[in-house]
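Heads up: the structure comes next, in structure tokens.
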Amino acid sequence: MADPKGFLRVAREEWPRRAVGDRVKDWDEVYEPDALLPLVVAQADRCMDCGVPFCHEACPLGNLVPEWNELVSRADWYAAAERLHATNNFPEFTGRLCPAPCEAGCVLAINQPAVTIKNVEAAIADRVWADGLAPPRPPERLTGKSVGVVGSGPAGLAAAQQLTRAGHTVVVYEREDRAGGLLRYGIPAFKMEKRHLERRLAQLTAEGTQFRTSTHVGRDVGAAALRARHDAVVLAVGATAWRELPVPGRELAGVRQAMEYLPLANRVCEGDLDASPLSAAGKHVVIVGGGDTGADCLGTAVREGAASVTQVDIRPLPDAERDGTAEPWPTYPHVYRVSPAHEEAGELGFGQRPDADARLFAAAALRFAGDAAGRVRAVRLSGVDEDRRPVPGAERVLRADLVLLALGFRGPEVVGGAVEELGVSVAPSGAVARDDAYATDVPGVFVAGDAGRGQSLVVWAIAEGRAAAAAVDRWLMGSTLLPSPVGAHARPLTA
């Protein structure tokens with residue numbers, strides 16, 4: 001370690017956010033530009049270089065955290081970038097979007113605030129681009145084998161880059177008009193500006209990866225044609241079949257899915273639309289669902305100028321500290337966290353109480369009420385007990401002109417898409433069935449990311465893309481030198 005007493009003399013300090021009143025006026029990232037690099041050298045000194053670094057175990061990529069922390073503490077950015085990219089194709093994505101299970105597994109977190117691993121990772125990634133340390137790495141020779149990757153989210157992009165660098169000819173098929181999957185149209189720009197995505201796409205293109213956008217497998221390209229063009233196919237279509245809320249009034253106009261709402265706001269940022277047809281401007285908004293997608297809707301609605309926003313979470317209010325019995329270290333704990341969107345809603349007065357953000361905990365939507373024109377006008381809620389059952393007498397009504405359902409995803413879309421067209425089997429969970437080698441029951445067709453795992457984190461998607469690429473390379477060539485960081489049936493560390 002660079003400083004054996006760093007964790008004793010340096011307090012945890014995170015990347016400062018821009019003032020709420022300023023950042024809600026634009027779609028730029030919420031953090032202060034150029035404010036991270038001055039912090040991270042001292043923050044990296046807090047890493048203890050543990051004999052058994054549990055941050056490795058907590059991260060599915062197996063990021064070499066103590067190694068690049070030490071290199072950052074010495075300001076050796078080139079070597080730090082090499083160690084970071086040894087395990088992670090897209091650290092600028094994970095450094096902004098991942099909830100950092102590595103920090104929950106930090107040994108220091110047993111009795112102190114964890115090392116700011118995520119911030120150090122983002123700082124290395126940003127320094128990489130600033131110093132020109134991420135040149136394209138095209139293969140020295142081609143294998144003569146071709147791979148089609150269906151989907152251009154983080155799993156598809158990771159698989160494509162690994163396979164291209166191994167010498168295969170890779171074509172990525174994306175049904176939207178731009179590559180990136182949910183990184184493009186699902187994640188708001190205030191969480192990750194699209195310039196980070198564009199730089200990686202340019203890097204992949206320079207390495208030889210080909211992109212076919214506006215190409216829907218199952219409609220524009222059939223399974224027979226896809227299999228004829230390629231020696232192997234990787235399904236990385238994500239888990240985009242959203243969960244429904246079958247309650248009275250669901251049919252009312254103005255009750256929409258979060259993933260109908262967020263892409264339109266992103267298209268405004270892309271310049272495709274002057275304004276979103278589902279804009280929250282001037283409306284009373286209720287978001288049903290307490291996860292990250294709901295928080296993304298919250299931050300978006302605030303920026304669009306909503307009259308009010310309430311996020312309904314069926315889970316109880318979490319404790320501020322880890323429950324060492326139910327969720328012992330080094331598992332990722334369910335504790336009270338305030339995202340930038342929640343901070344904005346609280347400071348701007350959207351909360352139900354003056355001292356709270358816009359969330360209502362231990363509550364569920366019972367029904368939606370509308371007007372004579374069939375538009376939603378109210379949401380009837382009920383408090384719930386620990387088993388999530390409605391509590392008699394604990395009902396209330398919220399005014400609502402726009403209701404957004406952010407209840408997660410069942411798995412990949414099956415009917416009318418690549419899953420149905422290729423004829424692969426679907427497991428009872430709703431994900432595409434696969435074996436330990438990421439292979440489906442159709443020879444030569446593999447699956448990576450949320451399509452095979454179910455709804456998960458960006459860090460798991462990248463890890464799966466890398467592992468699936470190794471499996472494909474081995475299937476095509478008989479052996480592989482590509483890393484395989486995570487098993488097809490591995491699961492996050494839990495109690």
Side-chain angles (χ1 to χ4, degrees), residues 89-90 136-176 179-181 200-218 220-238 412 417-419 421-424 432 434-453 461-486 488:
N89 297 70
F90 314 121
R137 291 171 46 198
E140 295 181 359
R141 61 182 64 87
L142 296 177
T143 63
K145 302 292 186 179
S146 176
V147 182
V149 176
V150 186
S152 66
L157 292 179
Q161 185 164 65
Q162 293 294 95
L163 289 165
T164 295
R165 289 176 172 178
H168 305 303
T169 299
V170 179
V171 181
V172 178
Y173 298 88
E174 170 55 54
R175 65 182 180 180
E176 298 292 347
R200 284 297 180 185
L201 293 174
Q203 182 192 51
L204 266 73
T205 300
E207 291 172 348
T209 302
Q210 302 171 43
F211 290 91
R212 301 285 185 270
T213 56
S214 300
T215 303
H216 193 300
V217 173
D220 302 310
V221 177
L226 193 69
R227 297 297 308 282
R229 292 178 188 177
H230 303 292
D231 299 293
V233 173
V234 178
L235 273 176
V237 294
V419 174
E421 182 72 14
L422 288 165
V424 296
V432 175
R434 61 187 183 183
D435 62 18
D436 291 339
Y438 289 86
T440 70
D441 54 356
V442 176
V445 179
F446 298 77
V447 61
D450 289 3
R453 170 169 295 277
I462 297 172
E464 287 224 353
R466 290 170 65 87
V472 171
D473 189 43
R474 183 182 297 109
W475 188 79
L476 290 173
M477 308 302 292
S479 63
T480 185
L481 296 177
L482 295 178
S484 184
V486 65

Where at least one partner belongs to residues 473-485, residue pairs that pass salt bridge (charged side-chain N to carboxylate O under 4.0 Å, His left out), sequence neighbours excluded: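 For residues 473-485, and leaving out neighbouring residues, there are no salt bridge (charged side-chain N to carboxylate O under 4.0 Å, His left out) pairs at all.
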
Please answer whether the main-chain N or O of A469 pairs with a side-chain N or O of Q162 as donor and acceptor at a distance below 3.5 Å. no

Pairing residues for [X] by the salt bridge (Lys or Arg N to Asp or Glu O under 4.0 Å) criterion, not counting sequence neighbours:
X	result
R434	E464
R175	E413
E207	R165

The criterion is side-chain contact (heavy atoms from CB on, under 4.5 Å); which residues satisfy it with A463, sequence neighbours excluded?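 With sequence neighbours excluded, A463 shows a side-chain contact (heavy atoms from CB on, under 4.5 Å) to P60, L61, P485, V486, given in chain and number order.
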
side-chain contact (heavy atoms from CB on, under 4.5 Å) against S484, all qualifying residues, sequence neighbours excluded: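 With neighbours one apart ignored, the set is A467, A470.
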
To the nearest 0.5 Å, what is the distance between [atom1] ([X]) and [atom2] ([Y])?
X	Y	atom1	atom2	value
Y173	L226	OH	CG	5.5 Å
F90	L157	CZ	CG	5.0 Å
T169	Q210	OG1	CD	7.0 Å

Which heavy atom in [X] sits nearest to a heavy atom in [Y], and how many Å separate them?
X	Y	answer
T213	A179	CG2-N, 3.8 Å
A437	A471	O-CB, 3.2 Å
W475	A232	CZ3-CB, 4.1 Å

How about F211 and L204: do any of their side-chain heavy atoms sit closer than 4.5 Å? yes

Exactly one of L422, L235, V424, V419 clears side chain to side chain contact (heavy atoms under 4.5 Å, CB included) with V447, and that residue is L235

Sole residue of V472, D231, T143, T209 in side chain to side chain contact (heavy atoms under 4.5 Å, CB included) with H168: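 Checked V472, D231, T143, T209 against H168; only one passes side chain to side chain contact (heavy atoms under 4.5 Å, CB included): T143.
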
